[in-house]
There are 2 protein chains.
Amino acid sequence: MKDIITHLNPAFDHRNRLGIMSILVVNDWVDYNTLKELLSLTDGNLASHLKALELQDFIAVRKKFVGRKPQTTYGATAAGRAAFKAHLDTLEALLHIAREGELD
Amino acid sequence: MKDIITHLNPAFDHRNRLGIMSILVVNDWVDYNTLKELLSLTDGNLASHLKALELQDFIAVRKKFVGRKPQTTYGATAAGRAAFKAHLDTLEALLHIAREGELD
DNA sequence: AAAAGAACTTTGTAACGCAAAGTTAACTGA
DNA sequence: TCAGTTAACTTTGCGTTACAAAGTTCTTTT
């Protein structure tokens, strides 16, 4: 059990972080407002979660123009994908324990 | 996606809470020190997580004696089991989305 | 009598989560 | 042309959380 818990990454504890990463691992370059809408977060709140993930190099920011209008999009980095995958694998292991497993 | 995230219970966000509940749903009445050891938490830290879960009626406390020595054990309540199960089901849905799913 | 263990509580601190308001730069409609 | 709007933040402020470490009470062990 100890091994499992320590393999969960604190950066992904929070449900909104799980949400952000889940979106970004299956969709390349999602823009700010789409994320905001999908997760029903306020501007500031979303920005701070994104910044935290960016500081750990789990997501990357790309600024481009749509026509002449700037647009910010976010994507998961290779490191982010790897870390998140490991997190999900660990969660899955926990699911199994919590459903049928033994205490060990 | 919005639906999924909102179905995750904030009380179970933290990995240590996941650990406590996972242990308690498959083992009836686990004592303090066993939990502490299984999760490698300090006394105070474990106590505060337990208290938070107890305040929400997700776990119950039972004090008994082993010989003449008092022992505190913890168990998941029916409400705790139900809420945790719902949480795990939601996590599982998220796992699927994050592995193959679409953005919706 | 002294040391140790169980199960906390208290204290203190740093980080976190959040909403709301402020900001900057661009774009749009009248 | 200029008031209003949108994008994408940053800042502010506040209540909560996570945590370690130390203190507490009661009891057992030596």
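Lettering of chains follows the sequences in order, A, B, ..., and the numbering in each one begins at 1. A quick note: this is a predicted structure, and the numbers were derived from the prediction, not measured.
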Against the side chain of B:Asn33, the closest entry in D:dA8, D:dT10, C:dA7 is C:dA7
Would you check if the side chain of B:Arg15 reaches a backbone N or O of A:Pro10 as a donor-acceptor pair within less than 3.5 Å?
no
Nearest-nucleotide wise, let me know which of B:Lys36 and B:Lys51 is further upstream toward the 5' end of DNA chain C.
B:Lys36
Taking atom NZ of B:Lys63 and atom OG1 of B:Thr72, what is their separation to the nearest 0.5 Å?
3.5 Å
The side chain of A:Thr72 lies closest to which of these nucleotides: C:dG17, C:dC8, D:dC9?
D:dC9
A:Leu35 CG - D:dA8 P separation (whole Å)
10 Å
Could you tell me whether the phosphate oxygens of C:dC18, OP1 or OP2, come under 4.0 Å of any side-chain nitrogen or oxygen in A:Arg15?
yes
To the nearest angstrom, the CG-C1' distance between B:Asp43 and C:dG5 comes to 10 Å
Between atom CG in A:Leu50 and atom C1' in C:dG17, what is the gap in whole Å?
14 Å
Integer-rounded Å distance: D:dT17 P and B:Ile20 CD1
14 Å
Write down the distance between CD1 (B:Ile5) and P (C:dC18), rounded to a whole number of angstrom.
12 Å
Any side-chain heavy atom of A:Ile23 within less than 4.5 Å of one from A:Thr34?
no
Among the candidates D:dC9, C:dA7, C:dC8, find the nucleotide nearest to the side-chain atoms of A:Lys63.
D:dC9
The side chain of B:His49 is closest to which nucleotide in this list: C:dC8, D:dC19, D:dC9?
D:dC19
Using atom CG of B:Leu41 as one end and atom P of D:dT17 as the other, report the distance to the nearest whole Å.
17 Å
Can you check whether B:Phe58 and B:Phe84 have ring centres sitting under 6.0 Å from each other?
no
Is any side-chain N or O of A:Thr42 closer than 4.0 Å to OP1 or OP2 of C:dA19?
yes
Would you say B:Asn45 reaches D:dA18's phosphate, i.e. side-chain N/O to OP1/OP2 under 4.0 Å?
no
Taking OP1 and OP2 of D:dC19, is either one under 4.0 Å from a side-chain nitrogen or oxygen of B:Asn16?
yes
Taking the side chain as C-beta and beyond, is there a heavy-atom pair between B:Asn33 and B:Glu37 under 4.5 Å?
no
Between C1' on C:dG5 and CD on B:Gln71, what's the gap in Å once rounded to a whole number?
13 Å
Of the listed C:dC8, C:dG17, D:dC9, the closest approach to the A:Tyr32 side chain comes from D:dC9
Side-chain N or O of B:Arg17 less than 4.0 angstrom from OP1 or OP2 on D:dA18?
yes
Atom-to-atom span, CG of B:Asp13 to P of D:dT16 - whole angstrom:
17 Å
Counting only side-chain nitrogens and oxygens, does B:His14 get under 4.0 Å of the OP1 or OP2 atom of D:dT16?
no
